[in-house]
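Only heavy atoms go into these numbers, but all of them, side chains included; no hydrogens, no water, no symmetry mates. In this chain, numbering begins with 1 at the start of the sequence shown. Computed from a predicted structure; not experimentally measured.
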Amino acid sequence: MKKQTIIRWLADVLVCCITRLALTTKGHTGTCAAHSITLTILLLTCSIQATVINIPDDYETINEGIAASIDGDTVLVAPGEYEEIISLQGKNILLTSSNGPNASIIAGAVLFENGEDSTCVLRGFKIVGNSGYSGVQCNNTSPIIEGNIITEHDGYSCSGISIRNSNCIIRENIISNNSNMATGAGINITGDGSTITRNLILNNEVYQYEGKGGAINLAGTAIIYYNLFINNVAVGGPAGAYGAGGGIYRRSINDTLGGMTYIGNNTFVGNEAWAYGQQNGSGGAIFVHGHLDQENDTLILINNIFAYNYTDGTGSAIRANSVESLYFCWNYNCIYENDIYGFESGINDIFLNPLFADTSQHDYSLQEGSPCIDAGDPDSPLDPDSTRVDIGALFYDQSVGIDDDAQPSGPYAYALQQNYPNPFNAQTTISYELPHQANISLIVFDITGRLVKTIIAEETQSSGPHSVVWDGTGNDGNPVATAIYFYRLSVDDYSIVKSMIVIK
């Protein structure tokens, strides 16, 4: 008998025994004691029933571990390669790796098809294609998919992530090098309500028969924000498909119903839409199509950067069709070396170089002096540094050099450099400069503000340049998951924050 089965059997016996004791106690000493013991039953039951199932120590395969789990359990997967088509089997659990996506590889697919809800989480795996399935398939479910690498899925209609009639949360993943001959090589969405945020979506390609939505095909509604869309391609084939939406293709799922799509604070660089010898591609970065029920349709695109995208047809940044009468908002976007087609530009759009830090290293954070700083929609939420929102996926931190009466007058030369390399895998170097001896701390935190790593804690350091190497592990000693993180240097009463990308 497996360890988890024995524990649960003992739990049932314990609950039965304590229940009998509670009834006996109630008969002799009253209801207060009975209520107290009943509460004890509940607490003991919860603490015993919440179980960590280890793969392969407790069960050899991931599917066996899931079958033995109940809602609220954690199935913890050790490093290794697992050739499985994994089904969550209706279990609302945390399925996670112990050492991050480079260590725990699923050569196959993960299926959510039995009504799993938002308490079901898939975290920290590298899911590579060899099965004929999409990497992650969601049918009539609403799980959270976070911190994974989903790559190399290739088939007629395979995608990195396939979402059908589901409202999923897709966040902090790397979705790369997936391809198919239809639509949505990175993510293919049919249905309403999904949220796609803080993902790195790159090098995905659709081609030949439909050629729509290299990174995302959206037949429905979704919220898409703070993502990097890099070098995704939609190619039309000789049969007449024209290639549309290298980054995002938004179509109508049902022309009799409206919907809502929000695309905000994303960065689109190097995405392409074209066709073999036909010069009729559309929307290098985005192609959007309104619903026929335009009075009930909403389409909002604000605070995005479009740079160096390509089409051999119209709209290298975006082409929009049928948006005359729906609620269509396009404003506060940066368009550089690109054009728009099908509508007039927003009165607050800018057509200047966004000044990325280093495109050769896929570092699309903003340099000092970027026209995108403090240029976003003033009604949007503030950036983490409490200033007006920047345009694009990665904000420029300005929480440095703030003067007050308690500090001497004059400029402050605290400097925090962009980590290098960025993105990084095994380790990265963080450099900074102090104008005088100071008490400093250096921490890493995630997008929720949760402390991930204390690199330097309240240490007095001399003036001059300094550098430190971070190996990508958290305070618990385990490698962090693939995601966008922030690092903050605090010097006396001042702080500076920059972002970085970890690819495991």
Side-chain angles (χ1 to χ4, degrees), residues 1-15 45-153 155 158 160-164 166 168 173 476 478-479 481-482 504:
M1 187 181 293
K2 293 290 186 180
K3 178 173 64 178
Q4 284 72 27
T5 305
I6 295 171
I7 290 173
R8 291 206 171 103
W9 177 78
L10 290 173
D12 292 339
V13 172
L14 180 60
V15 169
T45 303
C46 291
S47 63
I48 292 172
Q49 299 270 331
T51 302
V52 175
I53 297 173
N54 292 281
I55 309 298
D57 289 348
D58 298 326
Y59 295 90
E60 183 176 351
T61 70
I62 298 174
N63 276 317
E64 289 174 334
I66 294 172
S69 71
I70 63 172
D71 289 356
D73 282 353
T74 295
V75 175
L76 183 64
V77 180
E81 182 167 332
Y82 301 83
E83 293 189 13
E84 296 187 58
I85 306 301
I86 296 166
S87 172
L88 270 293
Q89 306 170 39
K91 308 293 183 69
N92 290 313
I93 60 173
L94 169 60
L95 174 58
T96 185
S97 66
S98 62
N99 289 76
N102 267 355
S104 295
I105 300 170
I106 297 172
V110 180
L111 312 182
F112 298 87
E113 298 182 322
N114 294 282
E116 297 88 0
D117 63 27
S118 60
T119 63
C120 187
V121 180
L122 173 68
R123 178 188 299 156
F125 294 94
K126 184 175 183 180
I127 306 170
V128 298
N130 74 347
S131 62
Y133 287 83
S134 294
V136 179
Q137 294 189 183
C138 303
N139 297 323
N140 297 294
T141 61
S142 54
I144 295 173
I145 301 163
E146 63 182 9
N148 304 283
I149 299 174
I150 303 169
T151 187
E152 299 176 13
H153 295 272
C158 292
I161 302 175
S162 174
I163 300 173
R164 297 179 181 177
S166 302
C168 306
N173 303 279
D476 59 3
N478 293 321
T482 295
K504 293 291 187 179

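Judged by distance alone, with hydrogens and angles left aside, the side-chain atoms of Asn63 form a donor-acceptor pair with the main-chain N or O of Ser87 at under 3.5 Å. A distance-only check finds a donor-acceptor pair linking the side chain of Asn173 to the backbone of Gly147 [under 3.5 Å]. No side-chain donor-acceptor contact under 3.5 Å links Ser69 to the backbone of Ala67. Listed for the Asn92 side chain is no donor-acceptor partner under 3.5 Å among the backbone atoms of Asp71.
Residues Ile86 and Leu95 form a side-chain contact, since some pair of their non-hydrogen atoms from C-beta on lies under 4.5 Å apart. Counting heavy atoms from C-beta on, the side chains of Asn102 and Ile149 come closer than 4.5 Å. Pro143 has its side chain out of reach of Leu122: every pair of non-hydrogen atoms, C-beta onward, lies at least 4.5 Å apart. Within the 4.5 Å cutoff, no side-chain heavy atoms of Asn114 are placed close to those of Leu88. By the 4.5 Å heavy-atom criterion applied to side chains, Phe112 and Cys120 are counted as neighbours.
For the side chain to side chain contact (heavy atoms under 4.5 Å, CB included) test, residues two or more places apart in sequence or in another chain that qualify with Cys158 are Ser134. For Ser104, the side chain to side chain contact (heavy atoms under 4.5 Å, CB included) partners two or more places apart in sequence, or in a different chain, are Val77, Ser97, Phe125. Listed by chain and residue number, Glu64 satisfy the side-chain hydrogen bond (donor to acceptor under 3.5 Å, both in side chains) test with Thr61 (two or more places apart in sequence, or in another chain).
Pairs passing the salt bridge (Lys or Arg N to Asp or Glu O under 4.0 Å) check and including a residue from residues 76-92, sequence neighbours excluded, do not occur. Legend: salt bridge (Lys or Arg N to Asp or Glu O under 4.0 Å) pairs involving residues 100-125, not counting sequence neighbours, sorted by first then second residue: Arg123-Glu146.
The neighbour count for Tyr133 OH, taken as heavy atoms of other residues, nucleotides or ligands under 6.0 Å away, does not exceed 12.
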